[in-house]
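Everything on this sheet refers to the single structure shown next.
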Protein chains: 2
Amino acid sequence: MSTLPDVRDLKPAGGKRSSKREQILNVFLNEEGHLTAEELVSRVQRDDRRVSRATVYRTIQWMVDAGIASRVDFGDGLARYERSYHHPRHNHLICNKCHRSFEFMSSDIEQLVDEVAASRGFSASQTVVQIHGVCEDCQHGRPAGSDHGLTDLLFARDALRMAIATERSGLEFYTRAARLTKDARGRSIFQKLAEEERHHLGTLEGRYAELLKRDPELETRPTFLFFKGAAHGLFAEGADRLLQGVDDQQALLVGIRCERGSHQFFKKYGERFEDSEGKQIFLEFASEEREHLDLLMREYRALVKRQGRRPRKGAGVPAARGTRQGRRA
Amino acid sequence: MSTLPDVRDLKPAGGKRSSKREQILNVFLNEEGHLTAEELVSRVQRDDRRVSRATVYRTIQWMVDAGIASRVDFGDGLARYERSYHHPRHNHLICNKCHRSFEFMSSDIEQLVDEVAASRGFSASQTVVQIHGVCEDCQHGRPAGSDHGLTDLLFARDALRMAIATERSGLEFYTRAARLTKDARGRSIFQKLAEEERHHLGTLEGRYAELLKRDPELETRPTFLFFKGAAHGLFAEGADRLLQGVDDQQALLVGIRCERGSHQFFKKYGERFEDSEGKQIFLEFASEEREHLDLLMREYRALVKRQGRRPRKGAGVPAARGTRQGRRA
DNA sequence: CTAGGTGCAAATAATTTGCAGAGGC
DNA sequence: GCCTCTGCAAATTATTTGCACCTAG
């Protein structure tokens with residue numbers, strides 16, 4: 001039961017803050033997973049016997065209205081509530097044996113769900129994805145480890161991992177491009193781009209290291225954010241041949257396309273997520289890519305002004321980063 | 001309220017068949033969508049006042065145990081039940097305004113869900129996917145059309161559509177191959193393959209036409225089965241060049257790869273579905289492709305025996321049908 | 001001072017159960 | 001005749017409400 005440092009300070013509210021509400025809220029926010037109403041009642045009454053069942057129920061309703069809690073339903077007729085404040089939207093794996101549940105998020109599933117809704121002209125407000133079954137521990141008769149509910153941290157971790165993977169594949173790509181490009185000016189552009197990727201990568205890795213300090217076991221925890229098509233196949237293979245005859249203008253155009261793709265990709269997905277640190281990372285990364293993109297575009301325009309626009313040979317600029325290709329695991 | 005012809009005959013059971021049970025079962029099976037327990041009670045009591053609430057509840061439990069009904073939970077604390085006998089597993093779009101619900105199925109979502117479960121070592125027994133929101137009718141202030149619950153028919157329709165699309169793209173492919181192939185024997189193999197596809201396509205289209213007779217509006221009803229990667233991109237583009245130098249042995253190998261891919265694809269997906277007409281179609285189509293495949297393989301072996309194995313030039317046989325490429329809509 | 005929060009107990013709502021009698025095999 | 005099903009009414013469970021009282025703003 002690790003403490004959740006910053007959460008309690010900012011409590012958004014509405015209505016009065018009474019001592020009872022404060023008490024119930026604190027108990028609720030200190031729980032990791034989700035609780036049924038009755039569970040919350042007994043947790044609260046363990047501290048203070050005088051708090052009545054009705055008040056807890058009413059406070060739950062208030063928390064839901066205020067956006068602090070959200071209701072989840074596992075189909076057993078009990079209403080469960082979980083923190084939604086600073087906690088990304090997610091889905092559940094639900095074990096029928098030990099009755100624990102595990103959180104995950106999959107942008108690919110969300111994407112498909114959106115497409116289904118769109119095709120029916122349905123305006124979706126919330127989607128529920130639940131996997132009911134038997135968890136790994138129960139299958140192996142293991143004692144059921146603790147269910148660490150560090151979802152926000154896991155989300156941040158996975159978002160950073162994705163940004164890092166993207167940056168890395170960008171670095172690789174530009175490095176290879178620099179190696180292959182014959183034109184000296186083109187080559188130097190790619191070298192510069194590679195250098196920038198390296199630098200940015202360093203920043204991201206620093207941030208990742210900092211995240212690890214918050215929880216030493218963070219790296220070994222299971223994947224929270226499932227996301228294909230992010231770091232895989234973002235840079236087209238086989239562009240090698242085409243790069244050989246690329247000059248500085250064309251090299252900049254290649255860079256622009258890559259950065260634009262990356263920016264759009266992270267922006268698009270960052271926007272789908274609920275408020276949380278992971279969303280922050282997505283959007284920050286998107287805007288960093290945007291800045292980089294703007295820089296490249298200014299540079300490109302300046303170059304054109306100096307040199308005049310040269311005809312582009314070969315349309316073979318690699319597909320934008322963020323494109324879904326190479327979808328296989 | 002169309003009648004459901006064959007459903008009532010086969011009722012799987014267990015325990016005694018009393019007149020009350022029979023009554024309740026009939027009422028339940030004649031409903032299209034899902035019912036809450038109370039709704040079923042009042043429907044039943046409309047026919048026969050003497051049936052008690054408790055009996056209905058007990059009979060519901062019996063139906064669930066017998067696999068006739070299954071429970072769905074929309075998160076409002078009411079247990080709902082829907083027919084599961086001869087009704088494919090599916091997911092729901094749930095309208096918050098008119099409280100109707102619409103069914104859909106997406107193999108792509110199921111696929112992703114399976115991958116999430118697998119990555120956590122979770123043995124999934126059931127997955128719930130619900131899209132809550134506002135339906136098209138309610139958004140436009142329209143009067144809320146009837147909710148036709150012909151899911152099984154829709155599934156059959158979509159399964160057939162998919163088989164037809166596959167067959168069609170096979171036909172196109174073999175036709176093009178026959179046009180392009182320079183080697184006379186290779187060409188005649190492709191012509192034969194095209195002819196077979198045409199014939200099979202005819203069969204499928206006949207079956208489709210028969211389906212339409214059961215419900216004249218069937219074609220205009222919304223998509224039930226969402227499925228990318230089925231008919232799209234099954235045959236690789238750009239194989240044209242490679243086909244030119246293909247002889248009869250190689251042409252057969254091309255056909256074998258295509259039919260094998262198609263067989264595996266439909267088998268794999270047919271197996272995921274619950275018992276219903278659509279599943280039938282998937283599995284039938286898979287086994288027809290299998291037969292075709294076996295035929296081609298026998299033919300290939302005979303050819304090799306007659307002619308001896310010739311070296312294959314160019315590995316450029318198109319990717320197997322059923323491969324996921326060209327995933328874009 | 002007063003709107004809103006709180007406790008208690010009673011009300012509701014969905015579903016289950018105990019028990020005596022009825023009905024299928 | 002036995003075992004299961006059925007009806008009725010009472011019990012249980014989860015949640016909400018009425019009402020008198022209390023407290024923060």
Side-chain angles (χ1 to χ4, degrees), chain A residues 11-29 31 33-82 94 99, chain B residues 11-28 31 34-66 68-82 99:
Chain A
K11 286 169 226 159
K16 294 181 181 172
R17 322 304 233 35
S18 73
S19 61
K20 294 291 158 63
R21 242 174 221 188
E22 214 73 357
Q23 265 177 264
I24 296 166
L25 190 52
N26 280 338
V27 172
F28 177 70
L29 290 177
E31 288 297 325
H34 36 67
L35 293 169
T36 62
E38 276 320 301
E39 277 167 349
L40 185 56
V41 169
S42 60
R43 295 269 201 296
V44 168
Q45 291 187 337
R46 204 159 50 195
D47 294 349
D48 182 349
R49 189 64 48 79
R50 291 163 311 179
V51 178
S52 85
R53 185 175 260 73
T55 302
V56 174
Y57 273 93
R58 284 190 274 234
T59 303
I60 287 172
Q61 197 47 55
W62 170 78
M63 292 191 294
V64 170
D65 295 340
I68 300 167
S70 64
R71 184 185 160 139
V72 285
D73 213 297
F74 288 176
D76 56 358
L78 298 201
R80 281 155 218 276
Y81 299 88
E82 57 183 23
I94 300 156
H99 301 287
Chain B
K11 285 169 224 157
K16 293 184 180 169
R17 322 304 232 35
S18 72
S19 61
K20 294 290 158 64
R21 241 174 223 188
E22 213 74 358
Q23 266 178 264
I24 296 166
L25 190 52
N26 280 337
V27 172
F28 177 70
E31 288 297 327
H34 35 67
L35 293 170
T36 62
E38 275 321 301
E39 277 167 349
L40 185 56
V41 168
S42 60
R43 296 269 201 295
V44 168
Q45 291 188 338
R46 203 160 50 196
D47 295 348
D48 182 349
R49 188 64 49 80
R50 290 164 311 178
V51 178
S52 85
R53 187 177 258 68
T55 303
V56 175
Y57 273 92
R58 283 189 276 234
T59 303
I60 287 172
Q61 197 47 55
W62 170 77
M63 292 192 294
V64 171
D65 295 340
I68 300 167
S70 63
R71 184 184 160 138
V72 286
D73 213 296
F74 289 175
D76 57 358
L78 297 202
R80 282 154 218 275
Y81 299 87
E82 58 183 21
H99 301 287

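None of these values were measured; they are calculated from a predicted model. Just so we're on the same page: letters track the sequence lines, and every chain starts at 1.
Going from atom CD of A:Gln61 over to atom P of C:dG5 covers 13 Å, rounded to whole Å. Distance CG (A:Leu25) to P (C:dG5): 14 Å, rounded to an integer number of Å. For the pair A:Ile60 CD1 and D:dA14 P, the computed distance is 13 Å after rounding to whole Å. Atom CG of B:Asp73 and atom C1' of C:dA14 are 12 Å apart (whole Å). The CZ-P distance, from B:Arg53 to D:dA10, rounds to 15 Å in whole Å. We find that CD of B:Glu22 is positioned 13 Å from P of D:dC5, with the value rounded to whole Å. Between the CD atom of B:Glu38 and the P atom of C:dT16 there is a distance of 11 Å, given to the nearest Å. When the P atom of D:dC5 is taken as reference, atom NZ of B:Lys20 falls 14 Å away, rounded to whole Å.
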Report the C-alpha separation of A:Phe74 and A:Thr36 in whole Å, then their side-chain angles, then the decisive distance to 0.1 Å, and conclude whether the side-chain contact (heavy atoms from CB on, under 4.5 Å) test is met.
CA-CA 11 Å; A:Phe74 288 176; A:Thr36 62; over 6 Å; no
Audit row: B:Glu22, B:Asn26, side chain to side chain donor-acceptor pair (under 3.5 Å) steps and yes/no: CA-CA 6 Å; B:Glu22 213 74 358; B:Asn26 280 337; 5.8 Å; no
>> Please evaluate residues A:Tyr81 and A:Met63 with respect to the criterion side-chain contact (heavy atoms from CB on, under 4.5 Å), reporting the C-alpha separation (whole Å), side-chain torsions for both, the decisive distance (0.1 Å), and the verdict.
In response: CA-CA 10 Å; A:Tyr81 299 88; A:Met63 292 191 294; over 6 Å; no
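Proximity of A:Arg21 to the phosphate of C:dG5: a side-chain N or O atom is located under 4.0 Å from OP1 or OP2. Contact check, A:Ser52 against C:dC8: no side-chain N or O comes under 4.0 Å of OP1 or OP2. When the side-chain nitrogen and oxygen atoms of B:Tyr57 are compared with OP1 and OP2 of C:dT16, none of them lie within a distance under 4.0 Å.
Of the possible polar contacts, one joining the A:Gln45 side chain to the A:Val51 backbone as a donor-acceptor pair under 3.5 Å is found.
Applying a 4.0 Å cut-off to non-hydrogen atoms, none of the residues of residues 40-50 of chain B approaches DNA chain C.
At a cut-off of 3.5 angstrom, the base of C:dG7 holds at least one donor-acceptor pair with the side chain of A:Arg58.
Under the salt bridge (Lys or Arg N to Asp or Glu O under 4.0 Å) criterion, B:Arg58 pairs with no residue, sequence neighbours left out.
Looking at the side chain of B:Ala37, the nearest of the listed nucleotides C:dT6, D:dT17, C:dT15 is C:dT15. Closest to the side chain of A:Ala54, out of C:dC8, D:dA9, D:dA14, is C:dC8.
Applying side chain to side chain donor-acceptor pair (under 3.5 Å) to A:Gln23 and the options A:Thr59, A:Asp48, A:Asp47, A:Thr55 leaves one that passes, A:Asp48.
By the 4.5 Å heavy-atom criterion applied to side chains, A:Arg53 and A:Glu38 are counted as neighbours.
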